[in-house]
Amino acid sequence: MNRVRRALAALALLAATACATACAGGPSLENRGEVTAPPGDSRELTVGSAGFTESDLLAQLYALLLEHAGYSTDLISVTNREIYEPALENGQIDVVPEYAATFADWLGAKAHGADAKPVGSPDLTTTMKALRELAAPRGLTVLDPGRAVDQNAFAVTAAYAKKHGLRTLSDVGAAKLPVRLAAGDECVQRPYCAPGLRSTYGIDVVAVDPKGVGTTQAKQAVQSGQDQMVLTTTTDATLDQFGLVLLEDDKKLQNADYVVPVVNRARAGSAGVRDALGRLNTVLTTADLASMNEQVDSWRRLPEDVARAYLEAKKLLPKG
């Protein structure tokens, strides 16, 4: 498999594509035929990554599965969705890992403006329906999600949870504990953060400590007792290092950010691509993703090596 391409020329080309597509507001009328054309089956595919550990891992998993199915793959890392999504529409990138609710809201804002009502929801079926309706006119096909989900999540120290009998976010609300929350500064207003904790769970969020989402600084603030809770994600593999445990989102405050492959229909919309990537859905869990993140971030293993070892262990690739 070719190594990840980071050439400035490639990124410049993608940037030009993003500008052209964004300014046009999606495929032009002249190009609408591509949207409804039969699914394509190019044998040479470019898999995109958003440039962070988890996205790199997923892109490697996709590429390895596609190669095993007889495709030739190349990887490119582009950290900006405003660049890689238009490139996906135009076929310069053929496959990317995405997150259902987040991508649905992003496409909704692209289609209807920044003030568009969010369409992602905690219900996966509803979210996938909205996402596919937004993706299809852009020539994109959203493949089926598996079991892995990377949602916002809230953690406390194991000692704090034991002392107050906390297992769920409802338990925190019922305990009437004042909570200082380590999170990003946007948490003050976002409905799935401090406002949602108050309205959905009755949690007394007395302050938001702006230390970022799942950062080391934020976790240390909770570990030391300066804050009581931290906003992180369900695939955070470092919680044990800080003595932290996740609390269950038992009333489904968070949106359904399940991992989904998104493909360019005209180039990679075939049953062959769908079946190759669908094999991952039978095995990949949230815990698996967290474990692989840890191997890359804490153990300093290469994403390709971690991805290959995982697929071999799950018998999706032959060993060797």
Side-chain angles (χ1 to χ4, degrees), residues 18 21-22 24-27 31-32 34-37 39-40 45 47-50 52 54-55 58-59 61-62 78 80-91 93-152 190-192 196 233-235 249 252-271 273-278 280-281 284-286 289:
T21 304
N31 294 331
R32 290 290 179 178
E34 296 182 11
V35 175
T36 56
L45 300 174
V47 181
S49 161
F52 57 94
E54 187 168 291
S55 187
L58 289 165
L61 290 167
Y62 291 178
V78 185
N80 191 319
R81 188 180 275 120
E82 283 76 10
I83 295 177
Y84 73 69
E85 189 279 330
L88 181 63
E89 289 186 30
N90 287 348
I93 294 176
D94 302 303
V95 185
V96 295
E98 265 292 356
Y99 301 92
T102 295
F103 197 47
D105 286 345
W106 194 87
L107 288 180
K110 183 174 181 179
H112 305 297
D115 295 329
K117 181 180 178 181
V119 295
S121 80
D123 181 74
L124 178 59
T125 300
T126 301
T127 297
M128 287 297 296
K129 181 176 184 293
L131 174 56
R132 283 171 165 156
E133 288 175 351
L134 286 162
R138 298 187 175 277
L140 305 180
T141 296
V142 183
L143 305 186
D144 290 340
R147 292 180 286 167
V149 57
D150 187 350
Q151 297 170 312
N152 284 344
R190 289 202 171 172
Y192 307 113
T233 67
T234 52
T235 59
D249 179 20
K252 307 298 182 186
L253 172 64
Q254 301 304 320
N255 279 345
D257 259 332
Y258 283 73
V259 175
V260 289
V262 183
V263 304
N264 177 286
R265 174 184 169 88
R267 288 183 49 80
S270 68
V273 171
R274 183 182 66 245
D275 292 346
L277 299 182
L280 195 59
N281 291 349
L284 185 65
T285 66
T286 304
L289 205 47

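Atoms considered below: every heavy atom in the structure, side chains included; atoms not considered: hydrogens, waters and symmetry mates.
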**Request:** Would you mind checking if Glu89 and Lys110 are paired as a salt bridge, meaning a charged N to carboxylate O distance below 4.0 Å?
**Result:** yes
**Asked** Going by atom types only, do Tyr258 and Glu98 share a side-chain donor-acceptor pair under 3.5 Å?
**Response** no
**Request:** Check salt bridge (Lys or Arg N to Asp or Glu O under 4.0 Å) between Lys252 and all other residues, then give those that pass, not counting sequence neighbours.
**Result:** none
**Prompt:** Any idea which heavy atoms bring Val149 and Thr235 closest together, and the distance?
**Reply:** O-CG2, 3.7 Å
**Message:** Contact between Val262 and Leu88 at the side-chain level, heavy atoms closer than 4.5 Å - yes or no?
**Reply:** yes
**Request:** Taking only Lys NZ, Arg NE, NH1 and NH2, and the carboxylate oxygens of Asp or Glu, determine whether Asp123 and Lys129 approach each other closer than 4.0 Å.
**Result:** no
**Asked** Does any N or O in the side chain of Asp105 come within less than 3.5 Å of the main-chain N or O of Pro118, such that one atom is a donor and the other an acceptor?
**Response** no
**Asked** Are any of the side-chain heavy atoms of Leu289 and Leu58 separated by less than 4.5 Å?
**Response** yes
**Request:** Compare every heavy atom of Pro39 with every heavy atom of Gly269, then report the nearest pair and how far apart it is.
**Result:** O-CB, 3.0 Å
**Prompt:** Does the side chain of Tyr62 come within less than 4.5 Å of Leu280's, by heavy atoms?
**Reply:** yes
**Request:** Check whether any side-chain heavy atom of Val273 sits under 4.5 Å from a side-chain heavy atom of Leu45, and report yes or no.
**Result:** yes
**Asked** Which is it for Arg132 and Asp144 under the salt bridge (Lys or Arg N to Asp or Glu O under 4.0 Å) test, yes or no, and what are the steps along the way?
**Response** CA-CA 10 Å; Arg132 283 171 165 156; Asp144 290 340; 2.8 Å; yes
**Item:** Side chain to side chain, Thr102 and Arg81, heavy atoms closer than 4.5 Å
**Value:** yes
**Request:** Identify the heavy atoms of Ala135 and Val142 that sit nearest to each other, and give their distance.
**Result:** CB-CG2, 3.8 Å
**Message:** Whether the side chain of Thr127 engages the backbone of Ala100 through a donor-acceptor N/O pair (distance < 3.5 Å, no angle test) should be reported.
**Reply:** no
**Message:** Side chains of Val47 and Asp94, heavy atoms from C-beta outward: is any pair under 4.5 Å?
**Reply:** no
**Prompt:** Do Val260 and Phe103 have side chains that get closer than 4.5 Å, going by heavy atoms?
**Reply:** no
**Closest heavy-atom pair and its distance - Leu253, Pro122** = O-CG, 4.1 Å
**Fill in**
Heavy-atom nearest pair, Ala116 first then Gly108, reads CB-O, 3.8 Å
**Prompt:** Would a distance-only check, ignoring hydrogens and angles, find a side-chain to backbone donor-acceptor pair under 3.5 Å from Asp257 to Ala101?
**Reply:** yes
**Request:** State, yes or no, whether a side-chain contact exists between Leu107 and Arg138 at a heavy-atom distance under 4.5 Å.
**Result:** yes
**Request:** Could you tell me which non-hydrogen atom of Gln151 sits nearest to which non-hydrogen atom of Asn255, and how far apart they are?
**Result:** NE2-O, 2.7 Å
